[in-house]
S.K.: 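This structure is in structure tokens; I'll ask about it shortly.
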There are 2 protein chains.
Amino acid sequence: MTPILHALEHEKSKLSQMERRLAERILASPGEIVHMGITELAEQCGISAATITRFCKVFHFKGFPDFKVKLAAEIAHGDAAPQDGGSSYQDIMAGNPLSVIVEAMQANHLASIRDTTSLLDIGRLEQTVDLLCRARRVDLYGMATSSIVAQDFYQKLIRIGVNCTAFADSHMQITSASSLSEGDVAFAISYSGETPETIDALLCAKNSGASTISLTSYGSSSLASLSGISLFSSSLEKGMRRGDMASRIAQLHVIDILFTGMVSRRFGDYIPKLEQSYRNVRQFRHKRGGTE
Amino acid sequence: MTPILHALEHEKSKLSQMERRLAERILASPGEIVHMGITELAEQCGISAATITRFCKVFHFKGFPDFKVKLAAEIAHGDAAPQDGGSSYQDIMAGNPLSVIVEAMQANHLASIRDTTSLLDIGRLEQTVDLLCRARRVDLYGMATSSIVAQDFYQKLIRIGVNCTAFADSHMQITSASSLSEGDVAFAISYSGETPETIDALLCAKNSGASTISLTSYGSSSLASLSGISLFSSSLEKGMRRGDMASRIAQLHVIDILFTGMVSRRFGDYIPKLEQSYRNVRQFRHKRGGTE
DNA sequence: ATAAAATAAAGAAAATTATTTTCATGACTA
DNA sequence: TAGTCATGAAAATAATTTTCTTTATTTTAT
């Protein structure tokens with residue numbers, strides 16, 4: 001199932017009555033929805049158009065048309081792409097031979113990258129790249145698995161001379177967040193979007209006047225709601241226990257896009273720094289001569 | 001090419017000037033179009049919105065929104081699509097619009113995962129899983145980008161109670177390697193396979209009697225040659241400057257396979273520990289209650 | 001060959017339609 | 001009993017489509 005539909009299914013229980021009715025209608029025949037206007041859909045569900053718009057915002061779409069386009073892209077995925085096991089996530093069970101695991105893992109990771117790409121909102125990416133390029137200082141927040149992603153981004157950013165930090169320690173995150181100010185950027189990464197430490201840090205950064213960006217798995221989450229720009233990677237089905245594997249790869253995929261976007265935008269500034277950083281590492285090593 | 005885009009390409013010559021300009025804009029980056037309003041697109045092409053609507057009708061769509069939804073569905077089909085085996089890596093250039101970067105990045109990452117999977121040697125993977133499951137102690141070595149991968153593996157391994165370390169500091173790596181002995185495993189990760197610090201650490205581990213495993217980009221490298229088991233991720237074409245992006249994702253892909261292989265093999269031992277580790281994190285958080 | 005008529009292309013403005021926001025109401029909750 | 005929440009109605013806004021007009025191009029009749 002596609003991330004959007006999956007998210008609907010998953011969050012259905014948390015929705016209000018009318019919203020649930022809408023969710024059910026969408027799940028019943030997603031293919032129809034994409035060719036409908038908001039009014040038509042509202043009538044069919046016996047609800048108001050306003051509710052539909054609100055519903056779309058809950059799921060972080062810009063509005064109903066945006067929802068339609070993204071949904072259309074995803075359902076298209078679903079019934080195509082059978083060349084690598086389809087884009088559905090495979091659960092990995094006990095006692096499977098390694099060859100099965102390899103296949104399943106490949107299917108998962110491929111699906112996760114594809115799904116993430118189709119969820120991406122170019123406009124938001126642009127904004128994010130913009131903020132990051134301009135930022136006086138960038139704070140990266142993430143715990144556990146997400147701290148890996150944060151550190152990865154950190155390594156990239158310092159190579160192009162962006163003033164940034166990535167603390168794995170939650171106290172340091174807060175401390176750093178408190179000292180941000182306008183023109184700074186706080187970037188929070190979380191698989192669930194509910195990691196308290198990360199939420200706290202982002203809130204703190206927001207209060208300090210920094211721009212806030214989140215990268216979470218798709219679906220409504222606290223972190224996404226309270227951040228200025230919310231970016232998403234694809235989420236996995238419930239049954240899949242270790243969803244953070246694919247998620248982490250999907251998040252790195254987004255990070256790579258952001259970073260490349262930055263470099264591409266400010267080629268002249270960044271590339272020399274990047275080259276220099278590579279050169280310095282090599283040079284230093286040669287000088288040292290492998291001893292020590 | 002998708003039917004819609006193909007049709008545009010084909011009929012382009014028969015269209016009028018302004019319509020051709022529009023068709024070209026759409027063909028240039030179809031992915032962007034679906035997220036645009038008619039007005040925005042009109043401006044970008046220097047034509048009027050009316051022309052766009054007319055254009056859509058020529059191609060038998062109900063209107064522009066209808067066109068967008070259909071196009072979105074179609075490019076979703078096509079965007080992955082290197083099932084022809086031609087999994088070629090795209091170079092990412094300066095000044096590219098983000099939509100192009102997104103597509104290129106997706107192509108790269110998908111290709112890199114596919115290629116890596118096909119390079120994998122199941123036998124070696126089995127051996128590796130075996131060694132890791134039995135190991136008294138596991139050392140993970142990796143510098144810079146590869147240290148991210150090492151830390152990721154570290155986080156996974158400690159969750160299932162494997163006694164392991166992942167130092168980013170090269171002195172600590174050596175120190176730790178020196179204290180290994182038979183029955184221990186040293187796992188070295190490096191994109192180039194030539195990182196001196198990592199090579200030193202692995203050599204040291206080998207001298208101490210530990211089993212040695214390397215994970216590098218495909219090709220002959222010092223690290224691969226001197227390790228007991230050498231695993232490979234896909235290597236990129238020369239032209240691609242920042243190959244470490246895709247490489248890192250490919251390496252994580254391998255790590256995921258190894259880890260899942262371990263869990264799958266010793267399901268009874270590992271799963272309870274894994275569950276416990278998740279539970280503890282949650283529980284601890286609740287106790288704390290979000291204060292502090 | 002040239003002027004008038006016809007046709008086609010394209011934009012501007014008007015009309016329409018779709019979507020979003022605001023506001024008011026009633027229902028449920030603490 | 002105040003307060004929050006869900007919801008729809010209506011107002012506001014935005015997007016799209018249609019109509020109308022202009023301009024350029026081609027055709028045709030002289």
Side-chain angles (χ1 to χ4, degrees), chain A residues 4 7-8 11-26 30 32-73 121-124 127 219-222 224-226 228-230, chain B residues 4 8 11-26 30 32-73 289-290:
Chain A
I4 293 176
L8 293 199
E11 319 248 323
K12 202 165 54 173
S13 51
K14 297 186 200 116
L15 296 171
S16 66
Q17 269 197 305
M18 296 299 132
E19 287 182 326
R20 194 170 321 159
R21 208 191 288 177
L22 174 57
E24 249 137 33
R25 175 68 189 83
I26 295 169
E32 266 178 331
I33 306 301
V34 300
H35 301 301
M36 281 184 194
I38 197 174
T39 318
E40 193 182 349
L41 179 56
E43 267 169 24
Q44 282 197 13
C45 297
I47 62 176
S48 74
T51 303
I52 297 181
T53 295
R54 274 191 294 260
F55 177 91
C56 294
K57 301 247 160 122
V58 168
F59 287 91
H60 303 285
F61 295 97
K62 290 205 289 244
F64 181 63
D66 185 43
F67 172 77
K68 279 203 301 190
V69 167
K70 301 256 169 73
L71 182 62
D121 182 311
I122 302 280
R124 288 185 192 169
Q127 281 178 273
S220 64
S221 75
S222 311
S225 307
L226 61 83
I229 302 177
S230 41
Chain B
I4 293 177
L8 292 200
E11 315 263 311
K12 202 166 55 173
S13 51
K14 296 182 197 124
L15 296 171
S16 67
Q17 270 197 303
M18 296 299 131
E19 288 181 326
R20 195 171 318 158
R21 207 192 288 178
L22 174 57
E24 248 137 33
R25 176 67 190 82
I26 294 169
E32 263 178 335
I33 306 300
V34 300
H35 301 298
M36 280 185 195
I38 197 173
T39 318
E40 191 182 350
L41 179 57
E43 267 170 24
Q44 281 198 13
C45 297
I47 63 176
S48 74
T51 303
I52 296 180
T53 295
R54 276 192 293 260
F55 176 91
C56 293
K57 301 244 159 128
V58 168
F59 287 91
H60 304 288
F61 295 98
K62 289 205 297 232
F64 182 63
D66 185 45
F67 172 78
K68 278 204 300 191
V69 167
K70 302 259 171 68
L71 182 63

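Everything quoted here is computed from the prediction, not taken from an experiment. Naming convention: chains lettered A, B, ... in sequence-line order (proteins, then strands); numbering from 1 in each chain.
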S.K.: Go nucleotide by nucleotide along DNA chain C from the 5' end; which of Lys68(A) and Ser16(B) gets its closest nucleotide reached first?
M.R.: Ser16(B)
S.K.: Rounded to the nearest 0.5 Å, what's the gap from CD1 on Ile38(A) to CZ on Phe55(A)? Could you check?
M.R.: 11.5 Å
S.K.: Starting at CG of Leu71(B), measure out to CZ of Phe64(B) and round the result to the nearest 0.5 Å.
M.R.: 9.0 Å
S.K.: What's the separation between atom CD1 in Ile4(A) and atom CZ in Phe67(A), rounded to the nearest 0.5 Å?
M.R.: 6.0 Å
S.K.: Where along nucleotides 25-30 of chain C does protein come under 4.0 Å, by heavy atom, of base (B) or sugar-phosphate alone (S), with - for untouched nucleotides?
M.R.: ------
S.K.: Can a side chain N or O of Thr51(B) be found less than 4.0 Å away from OP1 or OP2 on dA9(C)?
M.R.: no
S.K.: Roughly, in whole Å, what's the span from CD in Glu40(A) to P in dT17(C)?
M.R.: 14 Å
S.K.: Grab the CD1-C1' distance between Ile33(B) and dT16(D) for me, whole Å please.
M.R.: 17 Å
S.K.: Apply side-chain contact (heavy atoms from CB on, under 4.5 Å) to the pair Asp121(A) and His60(A), showing each step before the final yes or no.
M.R.: CA-CA 10 Å; Asp121(A) 182 311; His60(A) 303 285; over 6 Å; no
S.K.: Take Ser222(A) and Ser225(A), measure what side-chain hydrogen bond (donor to acceptor under 3.5 Å, both in side chains) needs, and give me the verdict at the end.
M.R.: CA-CA 5 Å; Ser222(A) 311; Ser225(A) 307; over 6 Å; no
S.K.: Take atom CE of Met36(A) and atom P of dA18(C), then tell me their distance rounded to the nearest Å.
M.R.: 13 Å
S.K.: Quick one: pull up NZ in Lys68(B) and NE2 in His35(B) and give me the separation to the nearest 0.5 Å.
M.R.: 9.0 Å
S.K.: Dump the pairs, protein N or O against N or O of nucleotides 17-19 of chain D, anything under 3.5 Å, distances to one decimal.
M.R.:
residue, atom, partner, partner atom, Å
dT17(D), OP1, Phe64(B), N, 3.1
dT17(D), OP2, Thr53(B), OG1, 2.9
dT17(D), OP2, Phe64(B), N, 3.2
dT18(D), OP1, Lys57(B), NZ, 3.3
dT18(D), OP2, Lys57(B), NZ, 2.3

S.K.: Rounded to the nearest Å, what distance is computed from the NE2 atom of residue His35(B) to the C1' atom of nucleotide dA15(D)?
M.R.: 18 Å
S.K.: How long is the straight-line distance from OG1 of Thr39(B) back to CD of Glu43(B), given to the nearest 0.5 Å?
M.R.: 7.0 Å
S.K.: Nearest-Å distance, CZ (Phe67(A)) to C1' (dA18(C))?
M.R.: 17 Å
S.K.: Could you tell me how far apart Ile47(B) (CD1) and dA8(C) (P) are, to the nearest whole angstrom?
M.R.: 20 Å
S.K.: In this structure, how many angstroms lie between the C1' atom of dA9(D) and the CD atom of Glu43(A), rounded?
M.R.: 15 Å
S.K.: Might you point out which heavy atoms bring Leu22(A) and Ile47(A) nearest each other, and give the distance in Å?
M.R.: CB-CD1, 4.0 Å
S.K.: Looking at Ser48(B), does any N or O in its side chain come under 4.0 Å of the phosphate oxygens OP1/OP2 on dG11(C)?
M.R.: yes
S.K.: Whole-Å distance between dA10(C) P and Arg21(B) CZ?
M.R.: 9 Å
S.K.: Apply side-chain contact (heavy atoms from CB on, under 4.5 Å) to Arg25(B) and Arg20(B), showing your working.
M.R.: CA-CA 8 Å; Arg25(B) 176 67 190 82; Arg20(B) 195 171 318 158; over 6 Å; no
